[in-house]
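We use all heavy atoms of the structure for the numbers below, so side chains are in, but hydrogens, waters and symmetry mates are not.
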Amino acid sequence: MKKTEDLVIAIDGHSSGGKSTFAKAIAEKLGLTYVDSGAMYRAVAVYALENQIIEQGEIRREKLLAELDEIGIEIRFSKTRERYETWLNGKNIEDEIRGVEVSKWASTISAVPEVRVAMVDLQRKISENRGVVMDGRDIGTVVFPKADVKIFLTAAAEVRAERRYREMLEKGLSVSLQEVLDNINLRDHQDSTRTASPLKPAEDSLDLDNSKMTLEEQMDWFEKLLEKKRGISR
Ligand code: DC
């Protein structure tokens, strides 16, 4: 197995399943860069909402494709906030990308094949010549089919909705639990049934159902997995 600093770790799974928390903890533990690929699709959705690409509940596909090159997405690390933040054409949009409206449109927009090609390209560029932990839907299947570790993280929809609901309340967002659950069910359906890179486990990924697991337990599971892989490749 490669040196720790060169490892590529792919974490895929359904919406709000705790992928980013798990991925960040792994990145911190191993000293790797964390990349939230979903934030990029969210950034495209923000651009579309702000630039009349989404109008009357529809995506104007032609306009979206014509402007795809003008959507400049960057992921920067904020030392003051100690987190990675998403920037769109020079503007920090980290706080606006997590709401229900952007989540809904990010899912719809991520089904557009040309958007996926551009985002996969960006995801590979960000990871050039360095180890990363990246979370998303197609990381183990499309972005890094040769990733060193592939994990498919899942949890019951009700458990995911409850977690997301609490997070949103803490952020002061006004939303009902039912709304969050409906949104999760809709996104699960859209993400798994789209034609372009649908959400599915890679053939060589390992399933982890974290419905009843703490982050600490997930990290214990991960460390055992890594030890086992290191043992095998020795
Ligand atoms: O992980 P997330 O919920 O922030 O992702 C937002 C949307 O982007 C989600 O509906 C699915 C889509 N997505 C994707 O299609 N492929 C990825 N690699 C990451 C996210």
Side-chain angles (χ1 to χ4, degrees), residues 1-27 29-30 32-42 75 106-107 109-157 159-160 184-185 187-211 213 215 217-233:
M1 193 141 131
K2 290 179 197 161
K3 283 193 235 154
T4 302
E5 63 261 36
D6 297 327
L7 288 177
V8 173
I9 300 178
I11 304 194
D12 289 304
H14 295 101
S15 299
S16 307
K19 294 188 297 293
S20 69
T21 308
F22 189 37
K24 275 183 215 159
I26 295 175
K29 171 106 200 151
L30 302 182
L32 297 172
T33 301
Y34 162 65
V35 185
D36 172 1
S37 69
M40 299 175 187
Y41 293 97
R42 288 172 182 269
I75 309 291
S107 180
I109 236 159
S110 68
V112 177
E114 291 84 350
V115 171
R116 299 207 69 81
V117 170
M119 294 305 111
V120 169
D121 207 37
L122 182 60
Q123 287 149 19
R124 290 187 182 143
K125 264 197 199 112
I126 285 182
S127 319
E128 244 162 31
N129 306 320
R130 60 170 156 182
V132 287
V133 184
M134 190 178 293
D135 70 0
R137 305 293 187 288
D138 60 342
I139 311 305
T141 50
V142 177
V143 183
F144 298 124
K146 291 187 183 156
D148 302 286
V149 181
K150 295 183 188 178
I151 299 168
F152 195 82
L153 195 64
T154 184
V159 174
R160 289 184 279 135
I184 280 183
N185 282 330
R187 290 206 285 151
D188 282 0
H189 178 74
Q190 286 181 337
D191 293 348
S192 319
T193 55
R194 67 176 178 228
T195 325
S197 312
L199 169 66
K200 62 171 185 206
E203 273 177 22
D204 51 351
S205 70
L206 284 149
D207 283 342
L208 180 64
D209 182 335
N210 71 2
S211 299
M213 286 172 95
L215 180 60
E217 287 166 337
Q218 293 172 65
M219 287 306 289
D220 285 346
W221 176 90
F222 175 76
E223 276 163 40
K224 283 195 189 107
L225 167 69
L226 205 58
E227 270 169 34
K228 203 165 137 196
K229 282 196 171 266
R230 286 204 168 108
I232 291 169
S233 68

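Side-chain contact between K29 and L226 is absent, with no heavy-atom pair separated by less than 4.5 Å. Put simply, the side chain of I26 does not reach to within 4.5 Å of the side chain of Y34, judged on heavy atoms. Side-chain contact between R116 and S110: present, with at least one pair of heavy atoms (C-beta onward) separated by less than 4.5 Å. The shortest side-chain heavy-atom distance between R187 and L199 does not fall under the 4.5 Å cut-off. V132 has its side chain out of reach of Q123: every pair of non-hydrogen atoms, C-beta onward, lies at least 4.5 Å apart. For the pair K24/D36, no side-chain contact is recorded, criterion being any heavy-atom separation below 4.5 Å from C-beta on. Using a 4.5 Å heavy-atom cutoff, the side chains of K228 and K224 are not in contact.
Listed for the D12 side chain is a donor-acceptor partner under 3.5 Å among the backbone atoms of D138. One N or O on the side chain of K150 and one on the backbone of G140 form a donor-acceptor pair closer than 3.5 Å. In this structure, R160 contributes its side chain and A155 its backbone to a donor-acceptor pair below 3.5 Å. With hydrogens and angles disregarded, a donor-acceptor distance shorter than 3.5 Å links the side chain of D148 to the backbone of V8. Remark: the backbone N or O of G17 is paired with a side-chain donor or acceptor of N210 at under 3.5 angstrom.
Residue T21 holds its OG1 atom at 10.5 Å from CD1 of I11, rounded to the nearest 0.5 Å. The CD1 atom of I9 sits 8.5 Å away from the OG1 atom of T4 when rounded to the nearest 0.5 Å. If you take CG on L7 and CZ on R130, they are separated by 14.5 Å, rounding to the nearest 0.5 Å. Taken from NE2 in H14 to CG in N185, the straight-line distance is 10.0 Å, to the nearest 0.5 Å. Atom CG of L206 is separated from atom NZ of K229 by 6.5 Å, given to the nearest 0.5 angstrom.
Between F22 and W221, the ring planes lie tilted relative to each other; the angle falls in the 30° to 60° range.
For the residue pair S192 and D188, the shortest heavy atom distance occurs at OG-O, 2.6 Å. Residues F152 and K200 approach most closely at CE1-C, 3.7 Å, considering heavy atoms. Taking each heavy atom of V142 and V120 in turn, the nearest pair found is CG1-CG2, 4.5 Å. Pairing each heavy atom of S211 with each of V159, the nearest pair is O-CG1, 3.9 Å. Taking each heavy atom of S205 and P201 in turn, the nearest pair found is OG-CB, 3.6 Å.
No hydrogens or angles considered: nothing links the side chains of S107 and R194 as a donor-acceptor pair under 3.5 Å. Residues S37 and R137 bring no donor and acceptor atom of their side chains to less than 3.5 Å of each other.
If you run side chain to side chain contact (heavy atoms under 4.5 Å, CB included) between L208 and each of T154, L225, L153, only L153 comes through.
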**Request:** Kindly determine whether I126 and I75 satisfy side chain to side chain contact (heavy atoms under 4.5 Å, CB included), including the steps that lead there.
**Result:** CA-CA 9 Å; I126 285 182; I75 309 291; 4.1 Å; yes

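One finds a salt bridge joining K125 and D121 here, because a Lys/Arg side-chain nitrogen approaches an Asp/Glu carboxylate oxygen to under 4.0 Å.
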